[in-house]
Peer 1: 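The structure is given below, and queries will be raised subsequently.
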Amino acid sequence: MTKRTRWLRSNLHALWRGIALLILSLAVTAASQAEVRLPRILGDHMVLQQGMPIRIWGWASPGERVSVALAGQSASTMASPEGKWEVILEPVAAGGPHELIIAGTNKIQLSNILVGEVWIGSGQSNMQWDVQRSMNPEEEIAAANWPKIRLFTVTRTIAQAPQEDCDGTWKVCSPETIADFSAVLYFFGRKLHQELGVPVGLINSSWGGTVAEAWTSREALEGDPDFQPILERAATFNPKNPNQAAVLFNGMIHPLLPLRIRGVIWYQGESNVSRAAQYQKLFPVLIQDWRKRWGMGELPFYFVQLAPFRYKNADPRNCAELREAQRLTLSLPNTGMAVTTDIGDVNDIHPRNKQEVGRRLALWALAKTYGQDVVYSGPLYRAAKIEGNRIRIEFDHVDGGLVAKGGELTHFQIAGADGEYRLASAVIDGETVVVHSPEVTQPVAVRFGWSDDAEPNLFNAAGLPASPFRTDDFPLITAGNK
């Protein structure tokens with residue numbers, strides 16, 4: 001063999017090896033691009049919403065054919081030029097377990113899928129607060145053997161732009177999985193499961209110490225000039241700060257929007273107490289924003305009114321004004337409010353009795369969402385009538401009558417035209433309360449439970465407490481705080 005021949009053969013071998021490696025590399029790249037992928041909220045052990053068309057979605061190579069099969073039905077589609085796909089299946093009755101199979105170039109098989117009721121719990125620390133730090137934790141954890149309740153916690157994530165996916169894993173409810181799950185959401189879901197007899201899926205998307213605007217989309221905030229200061233504070237994005245406009249909506253709510261759900265429960269407001277007047281507008285905007293983006297009409301949205309707590313170095317009326325903002329939000333359709341004035345702890349912003357909070361939220365859902373005949377609200381202020389030197393207060397939801405627990409009614413105040421409030425005597429008269437004070441001969445307004453640590457004793461016969469309220473329209477002390 002000549003020297004030239006040996007050189008040609010050696011270089012030809014190198015050339016073929018290079019071509020082979022290139023082909024292998026292209027094949028690996030093509031295979032990875034072709035992988036059908038699902039969002040993490042769709043996984044083993046999940047619960048799909050009954051009674052609604054079921055949306056399954058994900059990603060694949062542009063133009064890739066994807067098929068989906070569940071509970072005896074199947075559908076297929078083609079991934080968009082952006083690599084996204086979704087299929088809509090017919091509603092499936094409550095039950096299971098089912099397998100969910102997604103096939104494209106690759107195949108995904110999800111197992112132990114149930115169909116039932118799906119709820120999201122969101123807000124700040126009192127929603128995040130877990131079972132192991134709540135009342136009677138050892139007993140509750142040991143008794144948490146509910147295989148048809150499924151749990152998903154969204155990993156806390158800050159994002160400057162709306163995200164398509166989140167992190168988290170579905171788990172079967174058991175003593176081994178419940179300890180670090182949201183207590184309010186668990187006790188809410190447990191009550192629904194016990195009463196409805198169907199599987200329940202619970203998605204916890206909460207973060208302690210966070211403000212409402214962080215959970216609201218930027219577009220919604222931009223729609224009102226009163227929120228301009230909020231947007232200006234977020235003009236320099238900080239990837240470590242959860243209290244910026246829209247960052248938690250982007251990272252922890254937006255990825256869930258394609259999922260069909262029954263409703264939302266919400267426990268938040270402590271971080272907005274200094275801006276309570278603004279919250280009167282901000283909180284309804286958040287609710288309407290979520291409803292618009294889920295595209296499911298007037299999605300049930302039930303929330304917790306703040307519990308008694310002594311906010312140090314703050315005017316005690318701040319929290320009262322925040323509670324008033326929450327009460328006024330009931331003017332939105334398909335909302336409900338669990339009052340907690342009797343189950344708080346004035347020295348602890350995280351009261352431990354999360355069982356009763358969850359139960360009271362569940363009463364709203366059982367009555368308003370599921371049509372059960374249960375008492376679901378304590379007395380809510382309806383109207384005031386001046387009768388000489390007295391003011392008569394009328395209520396909705398008296399349900400069997402008004403009750404003063406432990407003696408005479410407490411925490412009523414009355415004011416004359418000067419706007420100065422004084423402690424007042426109050427008595428139950430049928431389904432009304434009559435308020436008066438010898439110091440105010442010409443009264444114009446009443447306030448009830450109007451301080452951060454108020455623990456008033458007005459209830460209805462079902463044992464549900466009355467919400468704090470005011471009858472006046474005097475300027476709020478938080479009105480200038482933006």
Side-chain angles (χ1 to χ4, degrees), residues 123 126 212 264-288 298 300-309 311 315-344 357 360-361 363-365 367-368 375-384 391 393-399 402 409-413 421 426 432-433 435 445-460 462 464-479:
N126 271 307
V264 175
I265 62 170
W266 174 264
Y267 197 158
Q268 190 275 338
E270 298 92 340
S271 291
N272 287 85
V273 290
S274 65
R275 294 181 282 124
Q278 182 190 64
Y279 202 80
Q280 285 193 17
K281 183 180 290 187
L282 177 60
F283 188 32
V285 163
L286 180 151
I287 294 172
Q288 292 166 319
E298 293 173 349
F301 200 107
Y302 304 131
F303 52 91
V304 182
Q305 193 180 52
L306 294 188
F309 174 69
Y311 290 81
D315 193 304
R317 294 170 293 179
N318 288 4
C319 185
E321 292 183 2
L322 196 288
R323 292 193 193 107
E324 176 76 352
Q326 293 175 315
R327 185 183 68 83
L328 294 175
T329 301
L330 292 173
S331 63
L332 287 182
N334 229 12
T335 56
M337 182 177 73
V339 179
T340 60
T341 50
D342 61 323
I343 52 173
V357 178
R360 291 180 186 179
L361 287 166
L363 291 176
W364 279 92
K368 305 296 286 186
V375 178
Y376 56 92
S377 175
L380 294 175
Y381 166 69
R382 182 174 71 217
I391 297 181
I393 307 298
E394 299 176 357
F395 297 90
D396 294 320
H397 302 287
V398 296
D399 290 297
L402 298 175
L409 287 175
T410 64
H411 290 83
F412 279 90
Q413 298 173 293
Y421 273 94
T432 68
V433 170
V435 186
V446 166
R447 288 182 175 179
F448 169 68
W450 205 257
S451 67
D452 55 8
D453 60 355
E455 297 177 293
N457 64 343
L458 177 61
F459 292 74
N460 61 18
L464 294 174
S467 168
F469 65 88
R470 66 173 183 149
T471 70
D472 64 77
D473 59 359
F474 301 159
L476 298 174
I477 64 169
T478 59

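Because only heavy atoms are used, hydrogens play no part in the values below, and waters and symmetry mates are left out as well, while side chains stay in. This one's a predicted model, so the numbers in the text were calculated from it and none came from an experiment.
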Peer 1: Walk me through it: do Phe448 and Tyr381 pass the test ring pair (Phe, Tyr, Trp, His ring centres under 6.0 Å)?
Peer 2: CA-CA 10 Å; Phe448 169 68; Tyr381 166 69; over 10 Å; no
Peer 1: Return the OH to CZ distance between Tyr421 and Arg317, rounded to the nearest 0.5 Å.
Peer 2: 11.5 Å
Peer 1: Testing the basics here: between Leu306 and Arg323, what is the closest heavy-atom pair and its distance to 0.1 Å?
Peer 2: O-NE, 2.8 Å
Peer 1: List the steps and the verdict of side-chain contact (heavy atoms from CB on, under 4.5 Å) for Tyr311 and Asn318.
Peer 2: CA-CA 9 Å; Tyr311 290 81; Asn318 288 4; over 6 Å; no
Peer 1: Looking only at heavy atoms, what is the nearest atom pair of Val375 and Leu363, with distance?
Peer 2: O-CD1, 3.7 Å
Peer 1: Determine the sole option in Arg327, Gln326, Gln305 for which the side-chain hydrogen bond (donor to acceptor under 3.5 Å, both in side chains) test with Ser467 is passed.
Peer 2: Gln305
Peer 1: Just one of Leu361, Ile265, Asn126 clears the side chain to side chain contact (heavy atoms under 4.5 Å, CB included) bar with Val304, so which one?
Peer 2: Leu361
Peer 1: Show the numbers, then the answer: is there a side-chain contact (heavy atoms from CB on, under 4.5 Å) between Leu476 and Glu324?
Peer 2: CA-CA 11 Å; Leu476 298 174; Glu324 176 76 352; 5.9 Å; no
Peer 1: Which pair of heavy atoms, one from Ala466 and one from Val339, lies closest together, and at what distance?
Peer 2: O-CG1, 3.8 Å
Peer 1: Would a distance-only check, ignoring hydrogens and angles, find a side-chain to backbone donor-acceptor pair under 3.5 Å from Trp364 to Ser377?
Peer 2: no
Peer 1: How long is the straight-line distance from CG of Asp399 back to CZ of Phe459, given to the nearest 0.5 Å?
Peer 2: 14.5 Å
Peer 1: State, yes or no, whether a side-chain contact exists between Pro468 and Thr341 at a heavy-atom distance under 4.5 Å.
Peer 2: yes
Peer 1: So how far is it from Ile287 CD1 to Leu282 CG, rounded to the nearest 0.5 Å?
Peer 2: 10.0 Å
Peer 1: Answer yes or no: is there a donor N or O on one side and an acceptor on the other, between the side chain of Thr329 and the main chain of Ala325, under 3.5 Å?
Peer 2: yes
Peer 1: Side chain of Asn334, backbone of Glu298: donor and acceptor closer than 3.5 Å?
Peer 2: yes
Peer 1: Could you measure the distance from the CG atom of Leu332 to the CD atom of Gln288? Nearest 0.5 Å is fine.
Peer 2: 5.0 Å
Peer 1: Atom CG of Asp452 and atom CD of Glu321: how far apart are they, to the nearest 0.5 Å?
Peer 2: 11.5 Å
Peer 1: Relative to each other, are the rings of Phe301 and Phe303 parallel, tilted or perpendicular (30° and 60° limits)?
Peer 2: tilted
Peer 1: How long is the straight-line distance from OG of Ser274 back to CG of Asp315, given to the nearest 0.5 Å?
Peer 2: 11.5 Å
Peer 1: Determine the minimum heavy-atom distance between Ala320 and Ser451, stating which atoms define it.
Peer 2: CB-N, 3.8 Å
Peer 1: Under the side-chain contact (heavy atoms from CB on, under 4.5 Å) criterion, do Phe469 and Ile393 qualify, and how do the steps go?
Peer 2: CA-CA 11 Å; Phe469 65 88; Ile393 307 298; 3.7 Å; yes
Peer 1: For Trp266 and Gly123, indicate whether the former's side chain and the latter's backbone hold a donor-acceptor pair under 3.5 Å.
Peer 2: no
Peer 1: Strictly distance-based, threshold 3.5 Å: is any side-chain N or O of Asn272 a donor or acceptor partner for the main-chain N or O of Ala212?
Peer 2: yes
Peer 1: Provide the closest heavy-atom pair for Glu455 versus Thr410 in the form atom of the first, atom of the second, distance.
Peer 2: O-OG1, 4.4 Å
Peer 1: Does a side-chain heavy-atom distance below 4.5 Å link Lys368 with Tyr302?
Peer 2: yes
Peer 1: Stepwise, does the side-chain contact (heavy atoms from CB on, under 4.5 Å) test hold for Leu458 with Phe412?
Peer 2: CA-CA 10 Å; Leu458 177 61; Phe412 279 90; 4.1 Å; yes
Peer 1: For residues Pro456 and Gly449, report the shortest heavy-atom separation together with the two atoms involved.
Peer 2: CG-CA, 4.5 Å
